[in-house]
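One structure is given here, and the rest of the page talks about it.
Heads up: numbering here begins at 1 and tracks the sequence. In this text, all values refer to a predicted model and were calculated from it rather than measured experimentally.
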Amino acid sequence: MGFGDLKSAAGLRVLNDFLADKSYIEGYVPSQADIAVFEAVGAPPPADLFHALRWYNHIKSYEKQKASLPGVKKALGKYGPPDVEDTTGTATDSKDDDDIDLFGSDDEEESEEAKKLREERLAQYESKKSKKPAVVAKSSILLDVKPWDDETDMAKLEECVRSIQADGLVWGSSKLVPVGYGIKKLQIQCVVEDDKVGTDMLEERITAFEDYVQSMDVAAFNKI
């Protein structure tokens, strides 16, 4: 498993292909997995690798919140497609990864001290975190929902889309936009809480109405 060398063109192409049908490296919300890969990439991917560039710019918006994202950073080779050999050789660097001993140690006493120090730091971090007011990250998303043909009941299609309810999801305004040959697509706005609702979930729920919906695309994605 792995992306290979994310500083190379080949590694970035693997990352781009991996993100073609995903919003995040793991799951439906940004996590430490995204931060680990983001830091390994180091710079915006080329414009032609638009899936990777879209993901990079989205994760970059979490710069001030990256420490509070869920999950634990793992070695870079633990992320990515299973059929690509990991050539990174080491785990993602992190000043906080005090529990990783790169050289090994036979000193049991030293290991116990390191474990105790790590637990104390974690306790301090959790204490500080609990005292801070929770910041709810939200995004405004504009969706393009395409019907099968010009005979599709667009009023019923919109009714199906708006019937999707979830904690952290609020539907907004909508309009029909001509796409040619008498066919119109539904363009609909929604506001989501990032840690509760992702574009993958929206696509899965919307395209489930297969009698009306041919496909769904994200036309615009903006942090609030």
More than 12 heavy atoms of other residues, nucleotides or ligands under 6.0 Å from NZ of Lys22: is that the case? yes
If hydrophobic residues (ILVMFWY) are linked whenever their side-chain heavy atoms come closer than 4.5 Å, directly or via other members, who joins [X] in its cluster?
{"X": "Ile183", "value": "Val179"}
{"X": "Val145", "value": "Ile141, Leu143, Met154, Leu157, Val161, Ile164, Leu169, Trp171, Leu176, Leu186, Ile188, Val192, Val197, Met201, Leu202, Ile206, Phe209, Tyr212, Val213, Met216, Val218, Phe221"}
{"X": "Val170", "value": "none"}
{"X": "Ile224", "value": "Val191"}

Can a donor-acceptor pair be found, under 3.5 Å and without considering hydrogens, that links the side chain of [X] to the backbone of [Y]?
{"X": "Trp55", "Y": "Leu15", "answer": "no"}
{"X": "Asp34", "Y": "Ser31", "answer": "yes"}
{"X": "Asp217", "Y": "Ala219", "answer": "no"}
{"X": "Asp200", "Y": "Glu203", "answer": "no"}

Lys116 side chain reached by Arg121 side chain, heavy atoms, under 4.5 Å: no
With a 4.5 Å cut-off on side-chain heavy atoms, are Lys66 and Glu39 touching? yes
Non-neighbouring partners of [X] that pass side-chain hydrogen bond (donor to acceptor under 3.5 Å, both in side chains), sequence neighbours left out:
{"X": "Ser215", "answer": "none"}
{"X": "Asp167", "answer": "Lys196"}
{"X": "Gln214", "answer": "none"}
{"X": "Gln187", "answer": "Asp144"}

Results of side chain to side chain contact (heavy atoms under 4.5 Å, CB included) for Glu119 - residues two or more places apart only: Lys115
Side chain to side chain donor-acceptor pair (under 3.5 Å) contacts in which one or both residues fall within residues 6-18, not counting sequence neighbours: none
State which residues pass salt bridge (charged side-chain N to carboxylate O under 4.0 Å, His left out) with Arg162; sequence neighbours excluded, sorted by chain then number. Glu158
Would you kindly say whether Ser139 and Asp194 are connected by a side-chain donor-acceptor distance under 3.5 Å? yes
Contacts satisfying ring pair (Phe, Tyr, Trp, His ring centres under 6.0 Å) that involve residues 13-47 (not counting sequence neighbours) are Phe3-Phe18, Tyr24-His58, Phe38-Tyr56
Heavy atoms only: give me the nearest Leu53-Pro45 pair and the separation to one decimal. CD1-O, 3.5 Å
